[in-house]
**Q** 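Right, I'll just put the structure down here and ask away after.
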There are 2 protein chains.
Amino acid sequence: MTKPTIKDIAAQSGVSIATVSRVLANKSGSYSEKTAAKILKIAKELGYRKNSAAVDLVKKGADVIALIINATPTNFSTQIIDGIQQRASELGQGVIILYAGNRDHALQHQAIITALGRSVSGILLAAIEPDEEDLTLLKESQIPFCFVSLYLGTAAILAVSSDNRDLAYQATQYLIDQGHTRIGLVGIDEYHTGSQRRIGYQEAMTANHLAPATVLPGDYSYEAGVRLLQAVKDQGLTAVLAASDMVAAGILTAAQQHKIRVPADLSIMSIDGTIICQITTPALTSVTQDFYQIGRQSVNKVMGQPALDFVPVKIVERASVVPPAD
Amino acid sequence: MTKPTIKDIAAQSGVSIATVSRVLANKSGSYSEKTAAKILKIAKELGYRKNSAAVDLVKKGADVIALIINATPTNFSTQIIDGIQQRASELGQGVIILYAGNRDHALQHQAIITALGRSVSGILLAAIEPDEEDLTLLKESQIPFCFVSLYLGTAAILAVSSDNRDLAYQATQYLIDQGHTRIGLVGIDEYHTGSQRRIGYQEAMTANHLAPATVLPGDYSYEAGVRLLQAVKDQGLTAVLAASDMVAAGILTAAQQHKIRVPADLSIMSIDGTIICQITTPALTSVTQDFYQIGRQSVNKVMGQPALDFVPVKIVERASVVPPAD
DNA sequence: ATAGACATTGTAAACGTTTACGCAAAGTGA
DNA sequence: TCACTTTGCGTAAACGTTTACAATGTCTAT
């Protein structure tokens, strides 16, 4: 009782495999209703299922978008995935997700290789910082790829993200408008996203004649937030812009352990705006990214449709930012 | 400049495609070092990459495990994925993740079809409640499948999870040991996992001669927790066992809005033990599941290796449970 | 020198589809 | 009636690998 093929269906229904294939592929207009009905019936009886490998082989490529994603300490991924999946299915594309571990280089590379080997119709890289090798691999592959939630700083490489410079500028300006002057940027990485945010932060500070106080690098994780609180305290900051909701949460709980009151003694503004912001006490004021939209736009882009480069952010006020005490 | 195949390599190196294939597949002992070196060099120069479709076709199946996962409101997924990925790669299997949306039936079904069409070597279903149709589809497919973090109540179907009955029993007993008598179970679903937990809860209550007070069904989400607080209050409970960290977080923030002090007025014990438990104030005491291990064991199981059915849980005390006030 | 074992390679079939091409039958317009 | 188009279907090639089998050459032990 082996897996049935179109050959079996052909045999049982007394037609050629070509006809079976045409019916099964819905090439309407090239078969009669009668044979179609017969074939479909037999196919169902046999429990027939198309062999995608065979289809991909002859069609030279799968109608599938590969999404490579790493285990970011932060958890915006489901919204991105939702957006991608939705838009992809509107365009008749499936989605397979390849997991690149936790900034694990080998896994990341492996995932790219896998995607290329499957001749997918597009590759999406979410929150992935590529190295040179990955990049040339992708470029030479002839298959379109697009970075998601990461902007490499050049229009030559497809990408959809928030405008990190602007995002940080807005957030910093918001803090300044509240009356803060000793503001730090905490938990950013040292790569593209981080440096773009750093620039926005610095621009906002100098535009308001404030000395850019402190940038404390990290890796967007909860633990980074916890660890960096000491430095925040030492610098005598009255407000911080946290690189992610997780960093914000880390700073918050660490602050509470140090008897630093939030927001009375320290205001925290978070970047991302996931549900984490509602869970903490106090709830975190954030500059919220539209991850769902980022997802959608990225499949547009990788499929050659018109798409946004930057998806707007918005500030949502919750309870973790107030004017400084002094 | 089309994508190079073994044929191109064969032509350039003056050997047959069979030899190229053998070298590229590392069939050691069936080729000489010299030709291997030559072939590998040319392959690299050409930027050759195997066509997985062709390989899968002739090999009748891919060395890949498909993981079907839904967008659970709770976020234990990355740990499960980590475990799966790790163990899979130890066994020489790749992993592709198929996203089943948010308990979206059509998508769920679609994902199963896709996995079957790709003749993967195993299918893992994480936190998926199957319907009859899905189940027969899987059973008839001849390819092994295993539920992850969900036990269907019969040994006939492969599954790896925590022992939900025992988990709920332990948690309830813990609350009782703290002196609570008016204990509710909040946010569970009405399917397998939920009813197993309900049983454990009830057993613990009756074993301690307490009337099972209240079971408030939900969907494991933050919103469910928020919504159900009113009922918790109305029932005059002094402690709740929340179906997930997200539910617990929802109950907590809603309680704070109602000026109910946690844990002084209401103790909250959470099921899952993800990082969410550390983020809230107070931190959530939880019965913590070992999701990483669940992931690992599930690939063992689906690959026919010896594996645990139930992965032990442990109670970790944080700050959200204290003895009742009165 | 001879037989057998072994190492290395080539030939060709197979995997399950899609699709260009061709052909017969049926329909259409004059 | 004829010429032509359309409809429905079959034949066979193609996609890029793997692998059974056969062929060749080399080595070893007699």
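In what follows, every chain begins at residue 1, and chains take the letters A, B, ... in the order their sequences are listed. Here the structure is a predicted model, which means the values were calculated and not measured.
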**Q** Have a look at B/Lys27 and say if it touches a base, only the backbone sugar-phosphate, or nothing, with a 4.0 Å heavy-atom cut-off.
**A** sugar-phosphate

**Q** Remember a base hit wins even if backbone is also touched, and classify A/Ser32 as base, sugar-phosphate or nothing at under 4.0 Å, heavy atoms.
**A** sugar-phosphate

**Q** 5'-most contact on DNA chain D: B/Val20 or A/Ala36, nearest heavy atom basis?
**A** A/Ala36

**Q** Kindly write out the residues that satisfy ring-ring contact (aromatic ring centres under 6.0 Å, His included) with B/Tyr151, not counting sequence neighbours, or none if the list is empty.
**A** B/Phe310

**Q** Give one of base, sugar-phosphate or nothing for B/Thr19, where a contact means two heavy atoms less than 4.0 Å apart.
**A** sugar-phosphate

**Q** With A/Lys41, which residues qualify under salt bridge (charged side-chain N to carboxylate O under 4.0 Å, His left out), at least two apart?
**A** A/Glu45

**Q** Determine which pairs satisfy salt bridge (Lys or Arg N to Asp or Glu O under 4.0 Å) with at least one residue from residues 112-138 of chain B, sequence neighbours left out, and list them in order.
**A** A/Asp56-B/Arg118

**Q** Quick test: give all pairs of protein nitrogen or oxygen and nucleotides 24-28 of chain C nitrogen or oxygen below 3.5 Å, distance rounded to 0.1 Å.
**A**
none

**Q** Could you work out, with salt bridge (charged side-chain N to carboxylate O under 4.0 Å, His left out) as the rule, every residue matching B/Arg296, not counting sequence neighbours?
**A** B/Glu90

**Q** How long is the straight-line distance from CD1 of A/Ile112 back to CG of A/Leu125, given to the nearest 0.5 Å?
**A** 5.5 Å

**Q** How would you list, by chain and number, every residue that makes a salt bridge (charged side-chain N to carboxylate O under 4.0 Å, His left out) with B/Asp309, sequence neighbours excluded?
**A** B/Lys301

**Q** Donor-acceptor check, side chain of B/Ser195 to backbone of B/Tyr191, threshold 3.5 angstrom: yes or no?
**A** yes

**Q** Walking along DNA chain D from 5' to 3', note the first and the last nucleotide with an atom under 4.0 Å from a heavy atom of chain A, and give both.
**A** D/dG8 to D/dG16

**Q** Roughly what angle, to 10°, lies between the helix axis at the start of the helix from C/dA1-D/dT30 to C/dA30-D/dT1 and the one at its end, five pairs per end?
**A** 30°

**Q** With sequence neighbours left out, what residues match B/Lys60 under salt bridge (charged side-chain N to carboxylate O under 4.0 Å, His left out)?
**A** none

**Q** Which residues pass the side-chain hydrogen bond (donor to acceptor under 3.5 Å, both in side chains) test with B/Ser162, sequence neighbours left out?
**A** B/Gln289

**Q** A/Tyr99 and B/Asp82: side-chain donor and acceptor closer than 3.5 Å?
**A** yes

**Q** Within residues 10-18 of chain A, which residues have any heavy atom lying less than 4.0 Å from an atom of DNA chain C?
**A** A/Ile17, A/Ala18

**Q** Near DNA chain C, under 4.0 Å by heavy atom, which residues of residues 49-61 of chain B?
**A** B/Leu57, B/Val58, B/Lys60

